[in-house]
Amino acid sequence: MQRSVLVLAAGKGTRMKSRLPKVLQVLGDKPLLGHVLDTARSLGASARIVVVGHGAELVEQAMQHETDLLWVRQEPQLGTGHAVQCALPVLPRTGSTLILYGDVPLTQSDTLLALLGAAGDGLALMTLEMDDPTGYGRIVRVDGQVRRIVEHKDANTAERALREVNTGIMAVDNGLLHELLPLLHNDNAQGEYYLTDLVALAVARGVTVHTVQAAQDWEVQGVNDKLQLAQLERIWQKEQARRLMLEGLTLRDPGRFDLRGSLTHGRDCEIDVDVVLEGQVVLGEGVRIGAGCVLRDAWIGDGCQLQPYTWVDGARIGAQAQVGPFARLRPGADLAENCHVGNFVEVKNSQLGPGSKANHLSYIGDAIVGARVNIGAGTITCNYDGVNKHITRIGEGAFIGSNTSLVAPVRVGEQATVGAGSVITRDVPDGQLAVAGALQKIIEHWRRPSKIKS
Ligand code: UD1
Ligand code: CA
């Protein structure tokens with residue numbers, strides 16, 4: 001059956017106090033609207049239609065990568081019913097439509113499939129029992145059957161006492177939409193065309209209106225301000241943490257865990273507090289990630305240990321490697337197994353062979369380093385001449401003394417040794433010792449100055 005998803009996203013979101021339209025505020029790894037569109041795709045929607053108004057250009061631009069969306073402009077915004085009316089020309093006459101909201105990001109596919117099932121060729125509403133239903137549309141039932149929805153502002157005292165509210169999310173037969181939407185009027189407290197009036201119109205046609213309750217409250221929570229955005233972000237993070245822990249991941253504190261992307265992991269991985277994971281992160285077996293690490297698009301091999309406050313971005317770390325604390329691996333860093341990269345070491349676009357070590361205070365950029373190389377503290381690859389980047393090659397088993405500058409392009413041979421403090425501008429042959437800069441002199445007969453008495 002044809003299944004369209006219609007997302008209402010024309011509202012302004014004044015309470016965000018932001019330059020961005022509300023639906024572009026970010027939750028997890030993407031804008032609120034991105035979550036809704038992903039859910040719509042997972043339902044196998046034959047069409048995804050988005051109604052935009054406020055900040056329409058910005059919203060369309062931000063979603064450029066979604067190539068199959070149908071955009072509908074709603075100018076001016078005359079209410080939720082008017083928003084759906086604007087989309088009527090692009091809605092098929094058969095099948096059904098699921099109406100979602102760009103600022104309600106976390107509704108789960110299973111819940112929506114249940115709603116679509118309940119609607120059949122009629123209408124189904126997602127509702128919620130609330131202790132404090134103030135502001136929401138109330139579901140009015142007679143003998144248990146849904147009759148209509150009354151908006152808070154239009155409701156009398158008895159109606160305001162009803163605790164079953166309209167979440168706004170509904171599934172409707174397209175024939176019914178085409179037939180009833182043109183009948184809406186704006187004769188109400190807000191002077192708006194209410195989508196909710198569809199319910200009474202359908203009931204008058206003899207349609208039975210079904211309801212489905214969300215499994216969790218947060219599935220139907222909307223976001224209006226930064227406070228609600230942060231609350232939903234934490235709910236979402238705890239939900240991801242819960243799923244990962246049930247898969248066997250150890251999280252020292254699921255309340256201090258942030259995944260903004262996807263994580264796959266082997267058995268017995270452990271993540272300490274305040275770790276942020278972005279993009280696609282892959283952990284092998286038995287990986288331990290220390291407190292405060294940030295990993296983005298990272299591949300981490302079996303048994304690796306990342307000490308606290310390590311930043312890994314677009315890098316690959318081989319099995320049993322040890323990195324950090326306070327290390328920075330930038331895009332293209334590729335560490336083979338058993339490497340050690342220690343504090344205040346930055347590695348960019350470089351390969352380190354198996355067992356190589358750079359334990360302290362170094363910059364390794366555009367370098368190809370063989371196996372079992374020891375890079376002393378303070379070693380720098382001078383890869384940039386102000387115009388171009390050049391490559392440094394260090395052969396297997398080489399030893400680079402502390403505080404060495406390797407001026408690329410340059411090659412240090414296998415088993416070669418470089419004396420501490422050297423500025424290496426020419427290739428060092430295999431197995432040789434290179435010492436550059438002034439060699440130590442002993443000044444004989446030198447005396448310390450003595451204090452002049454005044
Ligand atoms: C709406 C429902 C109410 C429900 C509540 C749940 C109506 C008349 N009322 O009320 O029953 O309890 O949601 O949150 O539907 N929008 C447009 N174009 C418009 C107006 C709104 O695209 O002209 C979009 C907004 O961007 C927003 C959503 O529709 O995402 C809801 O609009 P809002 O004005 O917040 O509706 P409520 O008054 O909260
Ligand atoms: Ca609202």
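One-based numbering, in listed order, for ligands and for the atoms of each. Just so it is clear, the values below take in all heavy atoms, side chains as well, and ignore hydrogens, waters and symmetry mates. Given the structure is predicted, the values throughout are model-derived calculations rather than measurements. For this chain, numbers begin at 1 and follow the sequence in order.
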Around atom CG of Asp187, are there more than 12 heavy atoms from other residues, nucleotides or ligands closer than 6.0 Å?
no
How does Glu151 reach ligand 1, by side chain, by backbone, by both or by neither, if only non-hydrogen atoms under 4.0 Å count?
side chain
Please work out whether any backbone atom (N, CA, C, O) or any side-chain heavy atom from C-beta onward of Thr167 is under 4.0 Å from ligand 1, and answer side chain, backbone, both or neither.
backbone
Would you give me the side-chain donor-acceptor pairs under 3.5 Å for residues 312-329, sequence neighbours excluded?
residue : atom : partner : partner atom : Å
Asp313  : OD1  : Arg296  : NE           : 3.2
Asp313  : OD2  : Arg296  : NH2          : 3.1

Within the 3.5 Å criterion, strictly below it, is a donor on Asp154 or Asn188 matched to an acceptor on the partner's side chain?
no
Where does Gln74 meet ligand 1, judged by heavy-atom distances below 4.0 Å: at the side chain, the backbone, both, or neither?
side chain
Could you work out, for atom 19 (C) of ligand 1, the closest of Pro133, Pro21, Gly79 by heavy-atom distance?
Gly79
Contact partition for Tyr101 relative to ligand 1, non-hydrogen atoms under 4.0 Å:
side chain
Would you mind reporting whether Val282 and Leu263 have side-chain heavy atoms less than 4.5 Å apart?
no
Thr80 contact mode with ligand 1 (heavy-atom cut-off under 4.0 Å):
both
Closest by any non-hydrogen atom to atom 30 (O) of ligand 1: pick that one out of Asn224, Val223, Asp103.
Asp103
Side chain or backbone of Ala10 under 4.0 Å from ligand 1, or both, or neither, by non-hydrogen atoms?
both
Any heavy atom of Leu78 under 4.0 Å from ligand 1? The part involved is backbone
Not counting sequence neighbours, list each pair that qualifies as a side-chain hydrogen bond (donor to acceptor under 3.5 Å, both in side chains) and has a residue in residues 26-40.
Lys30-Asp38
Are any of the N/O atoms on Asn166, whether in the backbone or the side chain, positioned under 3.5 angstrom from an N/O atom of ligand 1?
yes
Side-chain contact, heavy-atom cut-off 4.5 Å: Gln25 with Leu20?
yes
Side chains of Asn224 and Lys22: any donor to acceptor distance under 3.5 Å?
yes
With a 4.0 Å cut-off on heavy atoms, is Val51 touching ligand 1?
no
A side-chain contact here means heavy atoms from C-beta on lying under 4.5 Å apart; do Leu98 and Leu116 qualify?
yes
